[in-house]
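Read the structure below first, then the notes.
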Amino acid sequence: MAANALTVEGFQASAVFEELNKRLLQFPELIKKVGGVYLFDLKAAGDKRAKWTVDLKNGSGRISLGEVGKADCTIMMKDSDFISLMGGKLDGTEAYMSGKLRLKGDMGLAMKLNVLQEYKSKM
């Protein structure tokens, strides 16, 4: 995937998805550990919205800008909260209980977000 193909201006999350994309190439076992498709629907300042699809189910996996295919789990949150979540500063359960993280679909898959956090922390 071309550099910056996952970047959306005004979204700090862009860097996380770019880095996760690199990690997916380095750690193909992520597919077996997760086995699902996420859609991240994030909101930044000024009500800007952007979506990323993280496919950790099919083939060798893929991270795409936008909504691609059918997601097993949709995560909706603010861009800044997503950065805190992936950086380990915000607990996923706490975020869900406080309304900072909303989800549709497979709750069990949402619980596997910690796998992505672990690989993000290896960066």
Side-chain angles (χ1 to χ4, degrees):
M1 184 169 281
N4 300 324
L6 299 172
T7 300
V8 177
E9 188 175 330
F11 283 84
Q12 296 176 39
S14 296
V16 173
F17 290 111
E18 289 282 355
E19 204 51 52
L20 283 174
N21 193 50
K22 292 176 190 171
R23 293 298 173 191
L24 185 56
L25 297 172
Q26 290 180 310
F27 302 103
E29 67 270 16
L30 270 170
I31 308 300
K32 290 180 185 169
K33 284 187 176 185
V34 177
V37 179
Y38 294 98
L39 175 65
F40 291 91
D41 182 354
L42 304 181
K43 182 179 171 185
D47 285 336
K48 283 180 65 174
R49 296 191 90 83
K51 296 179 182 183
W52 288 265
T53 301
V54 178
D55 183 345
L56 299 175
K57 181 178 184 178
N58 301 298
S60 58
R62 181 178 181 162
I63 301 178
S64 307
L65 182 59
E67 190 169 348
V68 178
K70 184 181 183 312
D72 299 311
C73 180
T74 301
I75 307 286
M76 297 158 281
M77 61 192 318
K78 289 181 182 176
D79 181 55
S80 58
D81 290 335
F82 176 76
I83 294 299
S84 295
L85 178 72
M86 295 306 288
K89 295 177 184 167
L90 177 63
D91 176 72
T93 303
E94 182 182 308
Y96 178 75
M97 298 301 275
S98 67
K100 290 182 177 183
L101 182 155
R102 293 181 299 135
L103 66 94
K104 287 193 312 189
D106 187 341
M107 169 114 24
L109 194 56
M111 301 300 264
K112 291 184 179 181
L113 276 175
N114 65 329
V115 173
L116 296 180
Q117 290 170 314
E118 290 167 18
Y119 283 87
K120 170 69 173 89
S121 67
K122 292 181 181 183
M123 299 175 209

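In what follows, every heavy atom counts, from backbone to side chain, and hydrogens, waters and symmetry copies are set aside. Residue numbers count from 1 along this sequence.
The distance from the CG atom of L109 to the CE atom of M107 is 11.5 Å, given to the nearest 0.5 Å. To the nearest 0.5 Å, the span separating OG1 on T7 from CG on L65 amounts to 8.5 Å.
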**Q.** Pair I63-L6, side-chain contact (heavy atoms from CB on, under 4.5 Å): steps then yes or no
**A.** CA-CA 8 Å; I63 301 178; L6 299 172; 3.8 Å; yes
**Q.** Derivation and outcome, salt bridge (Lys or Arg N to Asp or Glu O under 4.0 Å), residues K32 and E29
**A.** CA-CA 5 Å; K32 290 180 185 169; E29 67 270 16; over 6 Å; no
Q: Run the numbers on L56 and L24 for side-chain contact (heavy atoms from CB on, under 4.5 Å), then give the verdict.
A: CA-CA 9 Å; L56 299 175; L24 185 56; 3.6 Å; yes
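Distance alone, capped at 3.5 Å, places no donor-acceptor pair between the S64 side chain and the T53 backbone.
A ring-ring contact (aromatic ring centres under 6.0 Å, His included) check over residues 40-61, counting only residues at least two apart or in different chains, returns the pairs F11-W52, F17-F40, F17-W52, Y38-F40, F40-F82. Pairs passing the side chain to side chain donor-acceptor pair (under 3.5 Å) check and including a residue from residues 69-95, sequence neighbours excluded, read K57-D72. Residues in residues 99-111 take part in no salt bridge (Lys or Arg N to Asp or Glu O under 4.0 Å) pair, two or more places apart or across chains. For the ring-ring contact (aromatic ring centres under 6.0 Å, His included) condition, no pair includes a residue of residues 88-118, sequence neighbours left out. Pairs passing the salt bridge (Lys or Arg N to Asp or Glu O under 4.0 Å) check and including a residue from residues 40-52, sequence neighbours excluded, read D41-R49, K43-D47, K51-E67.
Residues forming a side chain to side chain donor-acceptor pair (under 3.5 Å) with Q26 (at least two apart in sequence, or on another chain): R23.
Minimum heavy-atom separation, A110 to L103: CB-CD2, 3.6 Å. V16 approaches I83 most closely through the heavy-atom pair CG2-CD1, 3.7 Å. Residues G66 and L39 come closest through the heavy atom pair O-CD1, 4.1 Å.
Counting heavy atoms from C-beta outward, L113 and I75 have side chains that approach closer than 4.5 Å. Between M76 and L101, the closest side-chain pair of non-hydrogen atoms is not below 4.5 Å. Looking at heavy atoms from C-beta onward, V54 lies out of side-chain contact with L20 at the 4.5 angstrom threshold.
V37 and V115 fall into different hydrophobic clusters, defined by Ile, Leu, Val, Met, Phe, Trp and Tyr side-chain heavy atoms under 4.5 Å apart, directly or through other members.
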